[in-house]
Amino acid sequence: MGLILEVKNMTKDFGGLRALDRLDIDVAEGEIVALIGPNGAGKTTFFNCITGIYAPTQGDVLVTPYGKKQERINGLKPNHVTEKGLARTFQNIRLFANMTVLENVMIGRHCRSSSGILGAIFRNRKTVSEEKKIVKDSYTILEKIGLTTYVNEFAKNLPYGAQRRLEIARAMATDPFLLLLDEPAAGMNVRETEELDELIVRIRDEEQISILLIEHDMKLVMSLSDRIFVMDYGKKIAQGAPAEIQNDPVVIKAYLGEDIDA
Amino acid sequence: MIKFSEIKKSLLISIWFMFLTFPIIVIRVNPTEKIIEWRWHNIMLVGIGSFFISYIWRYFLERKELGEQKAKAGEEAKISVIRKTLSNPQNFKPAMIAVGVLAVVFPFVFSIYQTNIMITALMYVMLGLGLNIVVGLAGLLDLGYVAFYAVGAYSYALLNYHFGIGFWTALPIGGALAAIFGIILGFPVLRLRGDYLAIVTLGFGEIIRIILENWNEFSFGPSGIANIPRPGFLGMKLSLEYSIIYMYFLMIGLTLFTIFVVNRLQDSRIGRAWIALREDEVACQAMGIDKTKTKLTAFSLGATWAGMVGVIFAAKTTFINPASFTVWESIIILCIVVLGGMGSVVGVIVGAFILMLLPEYLIAFSDYRMLIFGAILVTMMVFRPGGIISTVRRTYQFKDETSERKN
């Protein structure tokens with residue numbers, strides 16, 4: 001299967017600080033790829049560069065939506081990146097706290113619908129049917145994620161694990177081909193993490209959405225991912241299958257520090 | 001219920017207050033007769049007053065905190081009486097009929113003076129609803145809203161003066177011009193939010209006023225424009241009394257129109273985008289919403305209402321000058337939105353009536369108007385930060401598989 005995301009030679013400087021250093025990362029269709037590394041390695045910066053929140057100093061982000069031509073998306077605004085089919089979640093939950101769960105997901109449908117101000121005021125047939133479809137689609141997504149019990153609840157009143165899942169639901173509503181999850185299991189207990197594991201696999205298998213995730217929970221990463229990229233100080237230090245990464249001396253050194261005797 | 005420590009606290013507060021107010025409340029110097037008057041009885045009143053007020057204040061604060069704890073503990077939160085009566089569909093219909101009947105008979109029962117006050121109140125309802133789009137829904141703190149109001153008023157006055165354009169033609173033109181100014185203001189402030197946005201919009205409002213004040217050839221400066229015609233009814237010229245009644249019904253109609261539009265916008269794709277923008281700008285963009293477009297529509301749509309009310313204002317007073325468009329006006333409109341409840345249509349209407357009608361009917365207290373005004377706002381912020389009537393988001397009901405939508 002072909003590559004759907006290719007990041008070539010990506011560099012990001014914040015003033016004199018090089019946060020990302022000539023990074024090459026790729027994701028193939030139908031893959032679950034993990035990006036790991038110690039705190040401050042630049043993983044979230046990398047996500048922000050792909051999704052248009054930051055503009056990379058150098059390098060290319062190339063995407064190939066399923067069955068379409070390859071496109072260069074660096075320098076696009078976040079909303080255009082989302083339109084291309086990349087959706088993300090955030091490390092520190094960024095839900096629309098004072099909107100209901102359903103409305104949160106409906107926001108995700110925004111870029112796939114088109115009615116404007118006049119449509120909103122006059123409620124012509126097109127707007128009404130579009131609105132109905134938005135509600136229906138959003139509800140279907142909530143069903144898949146298992147959040148239907150909270151439909152009319154304010155997002156801020158949800159338990160923590162449910163908020164994390166709602167973020168995924170909202171991202172799925174934008175019809176992505178690649179989902180970027182930024183520490184989806186952060187703060188979750190063992191049971192919730194297991195459920196998340198199942199959910200991510202299900203999203204990949206049933207929705208045909210490829211996944212790139214940042215995660216610190218090694219058990220989850222090792223069981224989920226097809227391939228792993230390891231970053232440290234903005235550089236890629238290793239890549240490969242979970243088994244390879246686990247025994248890679250460079251990776252162990254990055255996480256545990258250098259042996260004094262060595 | 002009465003605890004000794006509570007009394008002690010209140011006592012300390014009252015002593016502190018007596019100390020603070022001593023120089024202005026007690027001492028009065030009469031420079032002509034060179035006498036110093038010591039008004040000791042005043043400090044007694046201040047002491048007793050502040051003692052009781054602080055006691056009551058803390059009592060309510062405690063009750064509020066208790067309520068919050070209960071809500072956190074998962075107990076059924078007590079729903080306020082207002083909310084209960086509002087949400088009960090049985091009460092809804094009779095209430096609407098009562099309000100409707102009152103609105104229709106009002107000008108015939110009450111005097112022209114009262115009707116005039118009502119027109120002003122309705123104007124502020126419209127202004128509040130317009131600003132509510134910008135501040136309440138999109139979360140963009142706009143302190144220069146009065147600029148658009150001025151644009152509307154001057155567009156009617158000047159168009160009428162130069163080209164003899166009538167009220168009904170000027171109404172949409174004023175709205176459209178204000179919308180264009182909204183976009184003009186919107187572009188440079190796209191990157192700003194919060195306090196910075198407030199300062200820039202404040203500046204914009206002042207710029208418009210100062211231009212109107214100084215550009216004599218264009219706007220006739222501080223002397224303003226007089227003899228602006230009132231709206232005619234089917235080409236007829238009405239007497240003053242009838243034209244006020246006519247104006248009143250016009251305002252009722254326009255207010256209903258505003259409520260209708262704002263209500264529909266709130267629950268639309270655009271409305272949701274505004275609220276998402278208010279809640280989290282970064283996430284909103286990451287979900288595929290065009291920030292630029294969304295902000296500009298909010299600014300221009302909000303401004304449209306201000307422009308239209310501006311036209312009505314010019315027609316109502318038949319005379320306008322820049323003094324009517326000071327920052328104070330913007331602040332009042334903002335207060336209406338904040339007091340009533342940001343984002344809530346009913347709240348804004350209630351807020352507008354309270355803030356517009358109270359000063360009229362409490363004219364006896366007119367010296368203390370600002371004091372009362374401030375006190376109300378501070379109390380509101382402490383006890384009901386969400387406004388008198390906070391927003392309710394629409395809920396959707398689903399029947400197992402078929403996701404049908406009901407209100």
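Letters A, B, ... are given to chains in the order of the sequence lines, protein chains preceding strands, and every chain is numbered from 1.
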Looking at A/Phe14, I'd like to know if its CZ atom is crowded, meaning that more than 12 non-hydrogen atoms belonging to other residues, nucleotides or ligands lie closer than 6.0 Å. yes
Can you tell me which portion of B/Thr292 sits under 4.5 Å from chain A's heavy atoms? Options are side chain, backbone, both or neither. side chain
Does any backbone or side-chain atom of A/Ile53 lie under 4.5 Å from a heavy atom of chain B? Answer side chain, backbone, both or neither. side chain
Take a 6.0 Å sphere around CG of A/Asp205 and say whether it holds more than 12 heavy atoms from other residues, nucleotides or ligands. yes
Measure distances from A/Ile134 to the heavy atoms of chain B and classify the residue's part below 4.5 Å as side chain, backbone, both or neither. side chain
For A/Arg112, the salt bridge (charged side-chain N to carboxylate O under 4.0 Å, His left out) test, sequence neighbours excluded, returns none
A quick test of your reading: do over 12 heavy atoms of other residues, nucleotides or ligands sit less than 6.0 Å from NZ of A/Lys12? yes
I'd like to verify something: which residue of A/Ile117, A/Val81, A/Leu86 has the highest number of heavy-atom pairs under 4.5 Å with chain B? A/Ile117
More than 12 foreign heavy atoms under 6.0 Å from CZ of A/Phe96: is that the case here? yes
Which heavy atom of B/Ala283 sits nearest to which heavy atom of A/Arg94, and what is that distance? CB-O, 3.4 Å
Grab the two heavy atoms, one from B/Arg278 and one from A/Asn98, that are nearest each other, plus how far apart they are. NH2-CB, 4.2 Å
Answer yes or no: are there more than 12 heavy-atom neighbours, outside A/Lys133 itself, under 6.0 Å from its atom NZ? no
Could you tell me if the side chain of A/Phe90 sits less than 4.5 Å from the side chain of B/Asp280, heavy atoms only? no
Based on non-hydrogen pairs under 4.5 Å, which of B/Cys284, B/Gly271, B/Ala276 is most in contact with chain A? B/Ala276
Per-residue contact mode, A/Ala87 against chain B (heavy atom under 4.5 angstrom): neither
Any side-chain heavy-atom pair of A/Ile107 and B/Ile289 under 4.5 Å: yes
With a 6.0 Å cut-off (strictly less than), is the heavy-atom count around CZ of B/Phe187, excluding the residue itself, greater than 12? no
Taking B/Arg272 first and then A/Glu131, would you say they form a salt bridge - that is, a charged N and a carboxylate O separated by under 4.0 Å? yes
Side chain, backbone, both or neither: which part of A/Phe122 has an atom under 4.5 Å from a heavy atom of chain B? backbone
Going by heavy atoms in the side chains, are B/Met287 and A/Arg170 under 4.5 Å from each other? yes
Would you check if B/Arg269 and A/Glu130 make a side-chain contact, meaning some heavy-atom pair closer than 4.5 Å? yes
Please confirm whether the backbone N or O of A/Leu95 pairs with a side-chain atom of B/Glu279, one donor and one acceptor, at under 3.5 Å? no
Interface moiety of A/Ser114 toward chain B, non-hydrogen atoms closer than 4.5 Å: backbone
Yes or no on side-chain contact (heavy atoms from CB on, under 4.5 Å) for B/Asp290 and A/Glu83, after CA distance, side-chain angles and deciding distance? CA-CA 10 Å; B/Asp290 189 339; A/Glu83 274 168 35; over 6 Å; no
Roughly how far, to the nearest 0.5 Å, is the OG atom of A/Ser115 from the CD1 atom of B/Ile270? 6.5 Å
Please classify the contact between A/Thr174 and chain B as side chain, backbone, both or neither, with a heavy-atom cut-off of under 4.5 Å. side chain
Within residues 254-266 of chain B, contacts to chain A at heavy-atom distances under 4.5 Å involve B/Phe260, B/Val261, B/Arg264, B/Leu265
Kindly check if the number of other-residue, nucleotide or ligand heavy atoms within 6.0 Å of CE (B/Met123) is above 12? yes
